[in-house]
Amino acid sequence: GIQVEQSPPDLILQEGANSTLRCNFSDSVNNLQWFHQNPWGQLINLFYIPSGTKQNGRLSATTVATERYSLLYISSSQTTDSGVYFCAVDPWGQNFVFGPGTRLSVLP
Amino acid sequence: ETGVTQSPTHLIKTRGQQVTLRCSSQSGHNTVSWYQQALGQGPQFIFQYYREEENGRGNFPPRFSGLQFPNYSSELNVNALELDDSALYLCASRGTNTGELFFGEGSRLTVL
């Protein structure tokens, strides 16, 4: 089956810093999403981005489907950005396969 | 707020018991899927229902079963609970014309 890798596995930032999270996947996909999981377990939709670039406030994402990777950019990080960021891909239009996540800690 | 609601939020069971988890999908969404998230890992796909029929299943044994009702709400049933079934169970819904998933807040199951 499809493999999803995320890097880095852990990231510690000072408030105000910028960061880039990467997601690599081993096969072509129909759908790709980025989620933020808060400390209570809620998966919050950040981007639905099978291809192209999107921006939402301090966050933006780019997916290069032909090269099988996606990037999530966080600018001017805040303590509330802390949590785990998951990339999930859907190769057949049926179910999503999640990566192992990037655990982000933003320090005040 | 995704419009996907799950119940109960927390529950404790003992090994060998059975559990039923419930999910109400977002209005207009006819596809519901369930995921299991063990501590420190990413969610893993259990199965998906579309128009009351199971149309996809991950690598989970038959003691994991489900239902989808005409109003598109869904249940996840797990029989003969094992200690390793302790996890966060997440329900997600999506509409016919979109691939985007929306998750509920999850049901945290502890098996003792």
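Naming: A, B, ... by sequence-line order, numbering from 1 per chain.
A side-chain donor-acceptor contact under 3.5 Å links B/Arg94 to the backbone of B/Gly99. No donor-acceptor distance shorter than 3.5 angstrom exists from the side chain of A/Thr102 to the backbone of A/Pro9, with no hydrogens or angles considered.
Contact annotation for B/Gln37: only side-chain heavy atoms (C-beta onward) come within less than 4.5 Å of a heavy atom of chain A. Contacts between B/Tyr50 and chain A at a heavy-atom distance below 4.5 Å are absent for every atom of the residue. Only the backbone of B/Gln41 comes within less than 4.5 Å of a heavy atom in chain A; its side chain stays farther off. Looking at A/Gln6, there are no atoms closer than 4.5 Å to chain B (heavy atoms on both sides), in backbone or side chain. Only the side chain of B/Leu88 comes within contact range of chain A, with heavy atoms under 4.5 Å apart. For A/Phe35, the part lying under 4.5 angstrom from a heavy atom of chain B is the side chain only. Both the backbone and the side chain of A/Asn95 come within contact range of chain B, judged by heavy atoms closer than 4.5 Å.
In this pair, A/Tyr85 and A/His36 present their aromatic rings parallel. The plane angle is below 30°, not in the 30 to 60° band.
For the salt bridge (charged side-chain N to carboxylate O under 4.0 Å, His left out) test with B/Asp85, the passing option among B/Lys13, B/Arg108, B/Arg63 is B/Arg63; the others fail.
Between chain B and the options A/Phe96, A/Trp40, A/Phe86, heavy-atom pairs under 4.5 Å are most frequent for A/Phe96.
In plain terms, the two heavy atoms of B/Leu76 and B/Phe64 that are nearest each other are CD1-CD2, 4.3 Å.
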Inset, instruction - Report the C-alpha distance between A/Leu104 and A/Ile74 in whole Å, list the side-chain angles of each, state the deciding distance to 0.1 Å, and finish with yes or no for side-chain contact (heavy atoms from CB on, under 4.5 Å). - result: CA-CA 11 Å; A/Leu104 174 65; A/Ile74 305 174; 3.8 Å; yes
